[in-house]
Amino acid sequence: TNNKIGNQILDKPEAEDVTIIEDNGSIILATTTSTQDSGLLDYILPRFKEETGIEAKVVAVGTGKAIQMGVDGEADVLLVHAKSSEEEFVKSGHADARFDVMYNDFVLIGPENDPAGLVEKGDVISALALLSEGNYVFVSRGDDSGTHKKELGIWKDAKIEPVGDWYISAGKGMGDVIQMADEMVGYTLCDRATYLAMRDNVDLKIVVESDLALLNQYGVMAVNPNKNKEINGEGAMTFVDWILSEKTQKLIGEYGKEEFGQALFIPNAKK
Amino acid sequence: MEININGLMKDYGERTVLNIESLLFESNKLYGIIGPNGAGKSTLLRIISGLEQSTKGEILYNGCVLNKPILKHITFMSQRHYLLKTTVFNNIAYPLTLRKYHKKIIENMVDEIMMDLQLFELKDQLAISLSGGEAQKVALARALIFEPQLLLLDEPTANIDPNSIKLIEKLILKRNKEKKGTTLMITHNMEQARRLCDEVVFIENGKLKVQGKEKQVLV
Amino acid sequence: MEININGLMKDYGERTVLNIESLLFESNKLYGIIGPNGAGKSTLLRIISGLEQSTKGEILYNGCVLNKPILKHITFMSQRHYLLKTTVFNNIAYPLTLRKYHKKIIENMVDEIMMDLQLFELKDQLAISLSGGEAQKVALARALIFEPQLLLLDEPTANIDPNSIKLIEKLILKRNKEKKGTTLMITHNMEQARRLCDEVVFIENGKLKVQGKEKQVLV
Amino acid sequence: MGYIMEGVKEAFNLLLSLDREIYSIILLSIFVSFTSTIISAVIGTPIGLFLALKKFKLKKMVTRLLYTFMSLPPVVVGLFVAIIISRRGPLGHLGLLFTPSAMIIAQTLLITPIIMGITFNNAKEQGQEIRQICMTLGGNRWDTLILLIKEMRISILIAIVTGFGRAISEVGAVMLVGGNILGHTRVMTTFIAMNNSMGNYSMSIAMGTVLLVISFIVNSILYKYVVGD
Amino acid sequence: MGYIMEGVKEAFNLLLSLDREIYSIILLSIFVSFTSTIISAVIGTPIGLFLALKKFKLKKMVTRLLYTFMSLPPVVVGLFVAIIISRRGPLGHLGLLFTPSAMIIAQTLLITPIIMGITFNNAKEQGQEIRQICMTLGGNRWDTLILLIKEMRISILIAIVTGFGRAISEVGAVMLVGGNILGHTRVMTTFIAMNNSMGNYSMSIAMGTVLLVISFIVNSILYKYVVGD
Ligand SMILES: Nc1ncnc2c1ncn2[C@@H]1O[C@H](COP(=O)(O)OP(=O)(O)OP(=O)(O)O)[C@@H](O)[C@H]1O
Ligand SMILES: Nc1ncnc2c1ncn2[C@@H]1O[C@H](COP(=O)(O)OP(=O)(O)OP(=O)(O)O)[C@@H](O)[C@H]1O
Ligand SMILES: [Mg+2]
Ligand SMILES: [Mg+2]
C-alpha cells in the first residue's frame, strides 16, 4: 500500500496529503525564490515527507535573507546558491559543512528581436560590455540575492561599473524582475529554471547561454544546531542526507523534462 | 405666498399621521397651528417646507407645485433646530451669504436683528456653546433675516424667557403688518396664539378639526 | 435630599456665567428656577447633577460632597434630552434595567407611567421617530420612574401641549406631596411656577436675585 | 485586459474545482483575519471609547500618536513581530514564527489602532452625550461602556469593517511572519503575491476576485446583523 | 530585540547622514501618497456624501459594495493597474508602468473607497440634518456640498487621515506598479520590504521609524489645520 500512496503523490506532486503520513515534526527550509518559483520544491518535497515523516516548511526569500536566517538560527536548513557566501557561512561556524546539490545555469535573456544584438557576442562579458554603453535597459535584481551577487561578479570581471539610467536596480525577486525586463523591453540575468517556468508569460528569449561564467551551483547546509534549542538539527541532517541521496538526485534530474522538454536542474551531489 | 392643500396624507408604515382634505393659507397672513403632541403639526410643516414627501395629495404654492425657485422663498425653523459649527454671527448671516449679499449689507442686517433679539453680546460666541433659549433665538434670527415669503415656525418660543418672547412676537407681528409674507407657526401657548394669529388651525390625530379666527377656536 | 451651595462659580474663558454665594434647597421641597435666557440656570443644574465641574465653590448633598452612591440617587433631565436608539418602552425602562429590577416589575412600572403620561400607544415605537412633545414626555418618564431623591428638570414641559402639561404637573405634585425627594425645575412658564412650586429662585446674569415663596418673587 | 476576464472566469473554476488546497488557503485567510479582527475589536473599541471620553493630560499627544499608528506599515509590523517571536527573540521559545498564530498577532497589531482610531473619532462627537445620560440615570462605568457600544453600533461597525478589510487584504505582515508556507500559512494575499511574481496573472486575479466576494459576504452579514436590515 | 534598538539608532543616522538617496526615497513616498490622498479626497468625499444623502434604488447594495471595496487588496489593485498600463494593455502607449504616476494611480484606486466609505458612514448619521438646514435656508446643491464639508470637517479629516495612512504604508501595489527602481520609484515601504528580503533588519526598522515619524508630523499638521488646536 505504501507504494500506492507514493504513486498518488507523484501523480499530483503539488498535493500534500498530511493525513495519511506519520508525523515526525518539521524543519524550516530557507531557500531562494528561484527554487520555489521554478516549482522544483513543490515537486520533490511531498516525497520527503512521505519517506521521513518530517515536514519541510519552505520559506522562500532572497539568498541574502536566507543566509541571515541561518546566522540567526531561524532556519534549520538552507538551500541557496551563492557559493562564496556559503563558504563564508561555514567558515564562521554557522554550519559544519556545505554540500553541492545541483546546478543549473544563468542565462542572459532579452527581447525577442534582440535589439542590442547580443546573440552574436556569445559570451556574457562582452555582452554586458555592450549593454553598458547605455542604449539598452538592463534590469538587475539589486537585492543581494545569489543571482544579484553573480551579476555583480560578472560586472567586476568585465571591469565595468554599472551606473546610469539604463541600469535598473529593482530590488525584487527573480520572477518580478523577468516581468520588469519584459515590460521595459530590456535584458536581465536570470537562472534558467525560473526563465523556463515563466517563458510562456513573457516575450523574452535567451540571448547568451552556456558560458562557463554562468554556472549556478546550489548548495545545502544544515544550520549549526547549537544556536538555540528550537533548531531541529536532526531533521536538518535528515534533509541533507535525503536531498543528496541517489533517489532524490534522480528525481531532481527528472523535474521539468515533461513540461519544458529539458531538466531544469542537473544534480551533482558528490557521493 | 398662498398655500393650498388638497387631500394630503402621510403614512408611516401602517399608521396615518396626517390626513387633511383641504386647507387654505392665504397670502401674508399669520396662522397659528395648535393641537396635542403627536397630532401631526410638525409633519405638516415639514411637508409644506419640502423636507418630507407626502404619501398622497397635493400642495400648491401660489398655484404651482413646489419647485426650486419657490423653495428659495420658503424657510422652516425646526423644533430641534441645528446650528452651524461656527459663530452666532456666521449662523445668522448664513442665508444672506448663500444669496451672495454684499459683506457690508450682511453686517448691517445681522447687527440689526441681533439688536432686536438682544443677541448682540453673543456675536462672536460659538453656536455650540449657547444656552437653550439663546440657540433658539439664533435659529429664529437666521430664519427671519432673509425675509422669506413663507415662514414656517415650529414652536419658536418654547425655550424663551417671557421678556424675549415679547421681543420675538413684536418682530413677527411687524412682519405680518408689513405684509412681507405668510407665516405658519406651531405653538402650545394658547395665549400666544390669541395674541398673534389672524387665524388658528387646530389639528388632532392628523385631522383638521377647526380653522377660524382665533377667538372661535380657542375656547 | 438637602442641597447646600456655597461660593459657587463657573467661568467659561473670561466670562463668569455663574456666581452664587449661598443657596439652600431643603429636603423634599419643589423649587422653581426662573430667569432670562443665558442667566445660568442650566449651568447650575448641570453642576449640581455632577455633569459639569464648577470653577470654584462647594456643593453639599445632605452634608456630603458628591460621590458615587449619592450620584445614583440624582437624575437630570436636560433641555436637549437624548433618547436611546431603541423603543419607547426600553428607554423608560432603562434606569430600572440598570438597577437590575425584575423583568415583571419593570414592565408594571413602565406600563403605569406610560398610562399616566398617555404614552401607552407609543410603547413599541422607536424613540428617534417620536414627535418633539412625545420625546420630551419619554425623557421625563425615564427620569421619574426610578424615584430619585434629587430630581433636576430643565424646562420639562417646554414642548408639551396644555392637556399633557396638566398630567405632568399632577405627577410632579404627587411626588412632592408624597415627599419622595427634592425637585428643582427650570421653567419659563410663570403660571406653572406659581401653580407648582413651594419656592422660586430667580437667577439673572449668573447671580441669585431673589429666593422665596412664589408670590413674592413672581411680581 | 484579457487576464482580467480570464481571471474572473478562473475564479469560478477555482471555487467550483473543490480543490482542497485552494479551500484551505481561503479558510485560513478567513480564520486569521477574523480572529485578529475580533481580538482587535475587543481591545480597540473600549480603549477608543475611553480615550475619547476621558479628559487627561497629554490627550492631544495621544490622539496624534493614535492616528499615526493607524498608518503602521504592514512590513514594519511584520518585521517587528518576526523579531520578537524569532528563535532568538524574547518569545522565541514559543515557536510561533511561521505559524498562523504569528499572522494573527501581526494583524492584530496592525488593525487595533485602526479600530481604536475610528471608534475614538466617532465617540468624540457622539459619546459625551451618551455617557452623560448613562451617568444621570445611575449607570456605572461598565453600564456606560455597554450603552456606548449599543448606541454607537453603526460607527463601531464601520470601524470593524475597516479593520477587517485591512486585515484580509494586507500581505506585507503575513508574508513576513507567516512565510507563505504551503499548507500551513499560505493565505489568499500571499498566494496572490506569489502568483504575481510567477507571472500567473489570471490565477492572481481569480484569487483576488474570490477575496472580494468573501469580503462582500462578510460585510453583508455584519451589516445585516448590526444595522438590522 | 537588538535589531529594534539598533534600528532606531540607525534611523537617526539615516536622517542625519543627509544621504541623497535616502532623502529622495522619503520625498518620493510623501509626494506619491500625498498626491493620491488629495485625488482620492477630491473624488471620494463628494461621492461619499452624495451616496449617504441621496435615496435611490439599490442603495443597500451600493453600500455593501462600497464597504467591500474598502478591503481591496493592494496586490490585486497593483496587478490590475499593471495590466491596464502594461505595454500590452489598453493604456500601454502612455508608458506609465514603473513610474511614480503609476504608483499614484494604484494608490488612488486603493484609498478612494476608504475615504468614500468612512465619509459615507459619518454623513449617514449627521448629514441629513445639515442638508436640510441648507435647503431650508435657500442653498442649492453646491452650497449643500460646501456646508457638509465644513460641518463634517472632523469626520472627513479622519477619513483622509485613514486614507493617507493606508497609502503611505502599503507596499503591495507600489511594488508591483512602481517596481522599486532605485532612484526612480523606490519608496519607503518598498525600501523596507527589500531590506527585509536582504536580511538588513536594522535598516528596515530604521526606515520604518522614519515612516512613522513622517506620518506623525503629517497627522499633526492636518489635525491642527482642520480642528484648529
Ligand atoms: N418615522 C416615523 N415612524 C412612525 N411614526 C412616526 C414617524 N415619524 C413621526 N411619527 C409619528 O407621527 C406623529 C406626528 O408627529 P409630529 O412630529 O408631526 O407631531 P406634532 O404634532 O408636531 O407633535 P409635538 O407637538 O409633540 O411636536 C407622532 O405621533 C409620531 O410619533
Ligand atoms: N462653553 C461655553 N463657552 C462660553 N459660554 C458658554 C459656554 N457654555 C455656556 N455658555 C454661556 O453661559 C451662559 C449660561 O448658559 P445656561 O445654559 O446656563 O443658560 P440658561 O439660564 O439655562 O438659559 P436658557 O434659559 O436659555 O436655557 C449662556 O449665556 C451661554 O452662552
Ligand atoms: Mg412637533
Ligand atoms: Mg437652559
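- For the pair E:Val75 and D:Thr190, the minimum side-chain heavy-atom distance is 4.5 Å or more.
- For D:Leu65, the parts lying near chain E are the backbone and the side chain together; criterion is any non-hydrogen pair under 4.5 Å.
- Here E:Pro73 is the residue among E:Ala159, E:Ser155, E:Pro73 with the most heavy-atom pairs under 4.5 Å with chain D.
- Heavy atoms of E:Ile192 lying under 4.5 Å from chain D belong exclusively to its side chain.
- For chain E, the option among D:Pro74, D:Gly208, D:Ala193 with the highest count of heavy-atom pairs below 4.5 Å is D:Pro74.
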Show the atom names and distances, to 0.1 Å, of all donor-acceptor pairs under 3.5 Å that link a side chain in residues 168-178 of chain D to residues at least two apart or in another chain.
from     : atom 1 : to       : atom 2 : distance (Å)
D:Ser169 : OG     : D:Gly165 : O      : 2.7
D:Ser169 : OG     : D:Arg166 : O      : 3.4
D:Ser169 : OG     : E:Arg166 : NH2    : 3.1
D:Glu170 : OE1    : D:Gly172 : N      : 3.1
D:Glu170 : OE1    : D:Ala173 : N      : 2.8
D:Glu170 : OE2    : D:Val174 : N      : 3.1

**OP:** Test D:Ile205 against E:Ile83 for side chain to side chain contact (heavy atoms under 4.5 Å, CB included), laying out the working first.
**Re:** CA-CA 11 Å; D:Ile205 297 271; E:Ile83 290 174; 4.1 Å; yes
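- Between the CZ atom in E:Phe164 and the CE atom in D:Met70 there is a gap of 12.5 Å [rounded to 0.5 Å].
- Listed options E:Asn196, E:Ile154, E:Val161 were ranked by heavy-atom pairs under 4.5 angstrom with chain D; first place goes to E:Asn196.
- To the nearest 0.5 angstrom, D:Lys224 atom NZ is 6.5 Å from E:Lys60 atom NZ.
- The local environment of NZ in E:Lys150 is sparse, with at most 12 non-hydrogen atoms from other residues, nucleotides or ligands closer than 6.0 Å.
- Contacts between D:Leu72 and chain E at a heavy-atom distance below 4.5 Å involve backbone atoms as well as side-chain atoms.
- Put simply, CZ on E:Phe69 and CZ on D:Phe216 are 9.5 Å apart, with the number rounded to the nearest 0.5 Å.
- The CG atom of D:Leu79 sits 13.5 Å away from the CE atom of E:Met207 when rounded to the nearest 0.5 Å.
- Contacts of E:Thr209 with chain D are absent, with no heavy-atom separation under 4.5 Å from either backbone or side chain.
- Counted by atom type alone, D:Gln126 and E:Gln126 present zero donor-acceptor pairs between their side chains at under 3.5 Å.
- Neither the backbone nor the side chain of E:Leu157 comes within less than 4.5 Å of any heavy atom of chain D.
- Side-chain atoms of D:Leu212 and E:Val76, non-hydrogen and from C-beta on, never get closer than 4.5 Å to each other.
- Heavy-atom pairs under 4.5 Å with chain D peak, among E:Val218, E:Leu211, E:Thr189, at E:Leu211.
- Atoms OG and OH, on D:Ser215 and E:Tyr67 in that order, are 13.0 Å from each other to the nearest 0.5 Å.
- Checked by atom type and distance alone, the side chain of D:Asn121 never pairs as donor or acceptor with a backbone atom of E:Ile158 at under 3.5 Å.
- D:Asn122 CG to E:Asn122 CG: the interatomic distance, rounded to the nearest 0.5 Å, is 5.0 Å.
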